[in-house]
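What follows is one structure encoded as structure tokens, with my remarks underneath.
Values reported hereafter were calculated over all heavy atoms of this structure, with side chains retained and with hydrogens, waters and symmetry mates removed.
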Amino acid sequence: MLFLTLALLLWTNYTGSIANAVRARVKLTGDARWDFWESGLVAMAALIVLGIMLPPLSTGDKTLDLESGVFTSWAQLQQRLSNPGIFRSGGGHGVTGFSEDVKLSGSLQRTRDIVFVYTVVGDYAGPKYFRGVNATLTLGGEWRYPASNGYQQIIPKNQFPDFSENYEKLAGATIDVTMRAPPVGYADVLFYPGQLYKIDRTTLATQVPLIPGPQSDSLQSVDRLSTIRPPTSAGNYAVTADFSTATTSDLESASTTYPDWLTQFSTLPVTGYRSPDVLSRIHDLALQITTSAHATNPYDKATAIEAYLRDPHNYTYTLDARTPAGRDPIDYFLFTSKRGYCEFFATAMGDMLRSLGIPTRLVNGFGPEVYFTGYGWIPFEPTADDLNAYTPIPRGQTGNNPCLRDAQCDPSSITAGIPGVVTTPKGGRPEPTDPNAGGPGGGITVASISGATVTRIVAFLVALILLFLVVASRYLRPRTVMSVWKRMLVLANLAGAERRVGETPLELGRRLQRTFPEAAEPVGALAGGFVVSAYAPPEVASTARTSVMEAWVALRPLLLRRVFGRLRPTRI
């Protein structure tokens, strides 16, 4: 932006100077016009060097604070142009980027555009799926994030949310995130794994409306975390997150006495979501699966449904999941096509669990979550594909050096990190990556040179180029006849016509005319004028300067063309 601004100022200065000279009826030679350019180049180089040397106005990136109003629209347009794979749908249907709704339409297009990169600081043994929003509303055949906001709480930078429930068996770590391409339309959403502990930004935590009963005056969960300062997730942020270390035994023995606020997450609406016939078929399938697995508690039932959907003999992962017109997408997926992408698997599991009265929500970022009394929301992964990107989530994992909440550990004190990367979501869910495996995160390293340093280096090189152009321009525009003759000898030598020993100026001029026939006229005029200026009486010599200067203006580009022709590689 600085370079373009200076270039505009240079052009404005040049055109203004030419206009002023014309109004003053000043006759301008070609070299006179270069004087205007030269002053602009010097000013541009000086301002760039000044910009390099001056300290920054602040140590934080203030660009993000300016992304509001028209600037946000412009930034979103640039994202669409720079990362079309993130926002383009395959075949005109579906969505490959983040959405607050769990879409079940059309086919998707897989891309490898990087959404954000992250580094795990500490020992985070939980699943590295990054949540965006919790989809809790079932309406119109889809799971959705409610349009109306429930309880909201502003969380100051690095402060802890005020949760009304404290869960057991939690461990945590810090994740440093660099967001490169915030989802268009959702640039305020912050992505993080697990449960929020704290984050180094001022944020707004939103909880979906709780129905029935009065709204809460504290958070049961964070269903959407929005950044306030800065107003977009672009850039860097560090989030400290909890993950559950509850074992299979812990979850199997969890109480089924749920808090009242979970009622809305334990049932499916009779109207407005799916037809009664489809809901009945889904419920019957859930009973069939759990009965065959002899599942008697919510955890075993959830695990049985998860395993049933993941079984390749039952269902197949595909990005092409078209549904015939007039057919319910999940009904068609479960009982006819048995082919779909992650949204189909997650929605099917969510529907079946709620039909059994088990509190469930879908999270755009990873698969269904099931609530377990005392342990909170526990993630499940019902999707399986040929690349094994969606792997089962192990229970009771703590890592080698866990930071356990029960032991009053604060993950903020941990300093070791592991790099990773998240690519464009498939159907709105970021692909998990293992930095130790050969997946998308393998081989990602953190550059040892910062973007600010690269900018300074580039700016310094641009300044050097500008100064070189000024020096070259000044050298090729001498002010005296003797200087013109010397410059002509240098260029002729570089062009392959070196002056011979004892050769007079006129002899040299005649030889150059034969060597460079396209320059015969200005060479003759320059050589003749130089002889007059050098050897004629003073009153006569002074009259030759104008003709020498005009001949030099005509001869200079012809000699330069010859010089550049010699420097050009010869084709064999």
Side-chain angles (χ1 to χ4, degrees), residues 102 120 123-131 169-171 193-195 241-254 285-286 289-290 292-295 297-318 333-334 338-353 356 358 360-372 375-399 402 420 422 425-442:
V102 184
V120 178
D123 197 345
Y124 192 96
K128 297 183 184 67
Y129 290 125
F130 286 70
R131 68 172 59 245
K169 298 292 185 74
L170 293 178
Q195 175 181 297
D242 287 327
F243 63 93
S244 178
T245 64
T247 63
T248 298
S249 178
D250 293 331
L251 299 175
E252 286 176 336
S253 59
L285 178 60
I289 295 169
T290 54
S292 299
H294 305 289
N297 58 74
Y299 179 77
D300 287 344
K301 292 179 181 179
T303 302
I305 293 174
E306 178 188 49
Y308 180 82
L309 291 170
R310 291 184 61 88
D311 190 336
H313 295 95
N314 297 330
Y315 297 96
T316 303
Y317 182 90
T318 180
F333 165 72
L334 283 175
K338 301 191 176 183
R339 293 165 52 85
Y341 42 81
C342 50
E343 269 81 353
F344 285 86
F345 288 88
T347 300
M349 182 171 180
D351 282 4
M352 284 191 277
L353 287 174
L356 297 176
I358 300 175
T360 309
R361 66 185 183 187
L362 303 192
V363 184
N364 270 3
F366 58 95
E369 284 187 325
V370 180
Y371 184 89
F372 291 87
Y375 304 106
W377 295 99
I378 303 297
F380 288 78
E381 179 51 270
T383 308
D385 64 352
D386 295 337
L387 299 178
N388 292 321
Y390 301 104
T391 58
I393 298 173
R395 308 299 176 194
Q397 300 294 306
T398 59
V422 171
K426 295 183 297 186
R429 295 167 56 192
E431 297 181 3
T433 57
D434 179 1
N436 299 317

Review point. Which heavy atom in Ser244 sits nearest to a heavy atom in Ala246, and how many Å separate them?
Key: OG-N, 3.1 Å

Considering only distance and modelled atom types, tabulate donor-acceptor pairs under 3.5 Å from the side chains of residues 299-306, sequence neighbours left out.
residue, atom, partner, partner atom, Å
Tyr299, OH, Arg395, NE, 3.2
Asp300, OD2, Asn297, ND2, 2.8
Thr303, OG1, Tyr299, O, 2.8
Glu306, OE2, Glu381, N, 2.8

Check your understanding: What is the ring orientation for Tyr371 with Trp377, classed by angle as parallel under 30°, tilted 30 to 60°, or perpendicular over 60°?
Key -> perpendicular

Point to revise | Listed partners of Gln195 passing side-chain contact (heavy atoms from CB on, under 4.5 Å), at least two apart | key: Phe163, Tyr167, Leu170, Asp242

Revision key, fill the gap. On a heavy-atom basis, the closest approach of Ala346 and Leu362 is O-CD2, 3.5 Å

Point to revise | side-chain contact (heavy atoms from CB on, under 4.5 Å) evaluation trace for Thr391 with Thr383 | key: CA-CA 8 Å; Thr391 58; Thr383 308; over 6 Å; no

**Study point:** Set of residues satisfying side chain to side chain donor-acceptor pair (under 3.5 Å) with respect to His313, sequence neighbours excluded
**Key:** Asp311

Exercise for review: Would you indicate whether the side-chain heavy atoms of Phe380 and Met349 approach each other to under 4.5 Å?
Suggested key: yes

**Study point:** Residue list, side chain to side chain donor-acceptor pair (under 3.5 Å) with Thr247, at least two apart or on another chain
**Key:** Asp250

Exercise for review: Give the C-alpha distance, both sets of side-chain angles, the deciding distance and a yes or no for side-chain contact (heavy atoms from CB on, under 4.5 Å) between Tyr129 and Ile393.
Suggested key: CA-CA 10 Å; Tyr129 290 125; Ile393 298 173; 4.3 Å; yes

Exercise for review: Would you please name every residue forming a ring pair (Phe, Tyr, Trp, His ring centres under 6.0 Å) with Tyr124, sequence neighbours left out?
Suggested key: Phe243

**Study point:** Euclidean distance, Ile289 CD1 relative to Leu285 CG, rounded to 0.5 Å
**Key:** 4.0 Å

Review point. Does Tyr315 have any side chain to side chain donor-acceptor pair (under 3.5 Å) partners at least two apart in sequence or in another chain, and if so, which?
Key: none

Practice item. Verify side-chain contact (heavy atoms from CB on, under 4.5 Å) between Lys169 and Tyr375, making sure each step is shown before the conclusion. Key: CA-CA 7 Å; Lys169 298 292 185 74; Tyr375 304 106; 3.8 Å; yes

Check your understanding: Given side chains that start at C-beta, do those of Leu334 and Leu309 come closer than 4.5 Å, heavy atoms only?
Key -> yes

Practice item. Apply side-chain contact (heavy atoms from CB on, under 4.5 Å) to Tyr308 and Asn314, showing your working. Key: CA-CA 7 Å; Tyr308 180 82; Asn314 297 330; 3.4 Å; yes

Check your understanding: Taking C-beta and beyond as the side chain, do Pro193 and Arg131 meet within less than 4.5 Å on heavy atoms?
Key -> no

Check your understanding: What is the distance from atom CD of Gln397 to atom CG of Asp123, rounded to the nearest 0.5 Å?
Key -> 10.0 Å

Review point. If you look at every heavy atom in Phe333 and Ala348, which pair is closest and at what distance?
Key: CE2-CB, 4.0 Å

**Study point:** CZ on Phe345 to OH on Tyr390, rounded to 0.5 Å
**Key:** 10.0 Å

Check your understanding: Between CE of Met352 and OG1 of Thr360, what distance do you get to the nearest 0.5 Å?
Key -> 11.0 Å

